[in-house]
Amino acid sequence: MEESKKKRNRYGGRAQGNQPSLDGSHDEPMPLPNPMVGFNLPGYLQPSVTRILPKQDTGPPFFYYENVAQAPKGVWATISRFLYDIQPEFVDSKHLCATARKRGYIHNLPIENRSPLLPVPPKTIFEAFPHYKKWWPSWDLRTQLNCLRTNIASAKLTERIGRALASSDSPPARSVQKYVMNECRKGNLVWIGKNKVAPLEPEEMEYLLGFPKDHTRGLGITERYKSLGNTFQVDTVAYHLSVLKVMFPNGVNVLSLFTGIGGGEVALHRLGIHMKAVVSVEIGKANKRIFRGWWDQTQTGTLIEIDDVKSLTDDRIVSFVSRFGGFDLVIGGSPCNNLAGCNRYNRDGLEGEQSALFYHYFRILNAVKSAMARM
DNA sequence: TGTAGCATGAAAACTCAT
DNA sequence: ATGAGTTTTCATGCTACA
């Protein structure tokens with residue numbers, strides 16, 4: 001990590017620098033792009049970015065890091081500083097599917113010749129779920145859903161909405177419309193009957209996020225929502241990972257940190273990239289059960305499961321590197337709990353209890369790099 | 001001991017006007 | 001540039017209950 005003191009072109013020289021921070025901190029401004037389309041997207045005639053990474057950062061291994069885009073001020077500047085000053089790629093999944101998911105990705109993958117997963121997913125609510133047209137009021141102008149989260153709206157709230165509409169004219173007064181639309185947007189509610197709204201089903205979330213049907217089936221419904229709220233949007237991640245296919249025709253060895261329900265692995269699988277071995281670190285019992293179930297049904301490679309990033313010591317990393325001949329991809333999104341805007345209580349930034357595990361991602365990635373450098 | 005229901009704002013970006 | 005209003009957000013902690 002000392003080597004990073006060499007002055008580099010921070011953020012690839014494309015930082016659209018805005019106002020300097022006035023609070024005396026050294027935080028670099030890290031404005032989110034608008035539209036949030038990353039370096040390039042399929043079907044978008046955007047100014048396609050070219051970037052040249054310093055040789056020591058190009059790998060092997062390739063790495064891929066993910067977290068929420070709308071983190072507290074300074075967080076992304078810090079993450080970027082630790083991950084070799086590489087500019088984050090901010091992408092909102094609404095440009096690839098019917099639901100928003102604003103995320104930042106830092107990786108050292110090539111960004112040319114990417115290809116999207118096929119079939120291309122529907123981009124609007126009605127294309128994804130045509131049957132919702134029946135009860136959708138004309139004054140609800142949403143065409144896409146907001147971010148799928150770990151909690152859903154309560155039955156009490158949907159009842160309140162129903163009562164407000166039932167005791168209103170048709171169409172309802174502007175004030176009622178405003179109240180209803182506000183709650184519908186907050187809770188990602190859809191119209192399932194006359195004056196009746198409801199949250200999405202877990203199965204619908206699986207579909208929007210690019211997972212196979214019933215991927216999370218077998219858990220309690222609360223656990224399903226939690227796991228789905230925390231995962232990757234598969235089409236978005238697969239678009240970035242697609243460049244690996246021609247580079248590794250015989251398959252890849254993957255170190256998967258914070259695996260969750262296996263969004264990264266599902267993306268690789270749907271791309272047709274064989275996984276020779278996956279070392280998966282995931283602490284949640286429910287997530288592990290889902291991922292192991294999917295792996296056993298779809299994969300032939302070796303799966304090694306580890307409970308906690310803290311127990312993945314540098315010694316064990318050395319031994320895995322020697323056993324598998326190195327890792328081709330280190331992938332993971334570290335916990336967002338203390339970064340996410342929804343958190344009322346402990347949104348205390350990158351040093352928060354869970355989000356500080358980012359530093360283990362950094363430690364483990366560096367241990368892999370140095371072990372592979374000695375191969 | 002585990003699961004589900006429920007209540008609990010604020011930070012930061014965005015829009016749009018001046 | 002500045003500012004007011006609007007929109008969005010990978011959630012946590014408590015309680016009831018099996």
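Naming: A, B, ... by sequence-line order, numbering from 1 per chain.
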What nucleotide, of C/dC10, B/dC6, B/dC14, holds the atom closest to the side chain of A/Arg149?
C/dC10
For atom P, what is the distance between B/dT8 and C/dT9, given to the nearest Å?
23 Å
When all nucleic acid strands are considered with a 4.0 Å heavy-atom cut-off, which category describes A/Lys178: base, sugar-phosphate, or nothing?
sugar-phosphate
What contact category does A/Leu339 fall into here, base, sugar-phosphate, or nothing, at under 4.0 angstrom with non-hydrogen atoms?
nothing
Could you measure between the two C1' atoms, the one in B/dG9 and the one in C/dT6, and give it in whole Å?
16 Å
Looking at A/Thr231, I'd like to know whether one of its side-chain N or O atoms comes within less than 4.0 Å of OP1 or OP2 on C/dC10.
no
Name the residue closer to the 5' end of DNA chain B, choosing between A/Asn151 and A/Cys342 according to the nucleotide with the nearest heavy atom.
A/Asn151
Does a side-chain N or O from A/Lys156 land closer than 4.0 Å to OP1 or OP2 of B/dG5, or not?
no
Suppose we define a pair by two distances each less than 3.5 Å, Watson-Crick or G-U wobble; what does B/dG9 pair with here?
none
Rounding to a whole Å, what distance do you find between A/Glu159:CD and B/dA7:P?
11 Å
How close or far is atom C1' of C/dT9 from atom CZ of A/Arg103, stated in whole angstroms?
9 Å
Name of the residue among A/Arg224, A/Arg217, A/Lys213 meeting salt bridge (charged side-chain N to carboxylate O under 4.0 Å, His left out) with A/Glu206:
A/Arg224
Consider the side chain of A/Tyr345, meaning its heavy atoms from C-beta on, and name the nucleotide among C/dC10, B/dA7, B/dC14 that approaches it most closely.
B/dA7
I want to check one thing: is the phosphate of C/dT9, taken as OP1 and OP2, less than 4.0 Å away from some side-chain N or O of A/Asn146?
yes
Of the listed B/dC14, B/dA4, B/dA7, the closest approach to the A/Ser154 side chain comes from B/dA7
It should be established whether A/Asn34 places a side-chain nitrogen or oxygen under 4.0 Å from OP1 or OP2 of nucleotide B/dT15.
yes
Where the side chain of A/Ser80 meets the backbone of A/Ala77, is there a donor-acceptor pair that is under 3.5 Å apart?
no
Between A/Asp140 and A/Arg142, is the salt bridge (charged side-chain N to carboxylate O under 4.0 Å, His left out) condition met? List the steps.
CA-CA 6 Å; A/Asp140 183 346; A/Arg142 290 176 297 163; 2.8 Å; yes
Between A/Asn182 and A/Arg101, the residue closer to the 5' end of DNA chain C by nearest nucleotide is A/Asn182
Among the nucleotides C/dC10, B/dA12, C/dT12, which one has an atom lying closest to any side-chain atom of A/Gln354?
C/dT12
Can you tell me if the side-chain N/O atoms of A/Lys226 get under 4.0 Å from OP1 or OP2 in C/dT12?
no
Give me the atom names and distance for the closest heavy-atom approach of A/Pro172 to A/Gln177.
O-NE2, 3.0 Å
Upstream residue (5' side of DNA chain C) when A/Asn337 and A/Gly341 are each assigned their closest nucleotide:
A/Gly341
Side chains of A/Glu351 and A/Tyr359, donor plus acceptor under 3.5 Å:
yes
So if I take every side-chain heavy atom of A/Arg344 and compare against C/dT9, B/dT8, C/dC10, which nucleotide ends up nearest?
B/dT8
Answer for the Watson-Crick or wobble partner of C/dC17, both distances under 3.5 Å, is B/dG2
Flag if over 12 foreign heavy atoms under 6.0 Å of NZ, A/Lys196
no
Taking only the side-chain nitrogens and oxygens of A/Arg347, find out if one of them lies under 4.0 Å from OP1 or OP2 of C/dA11.
no
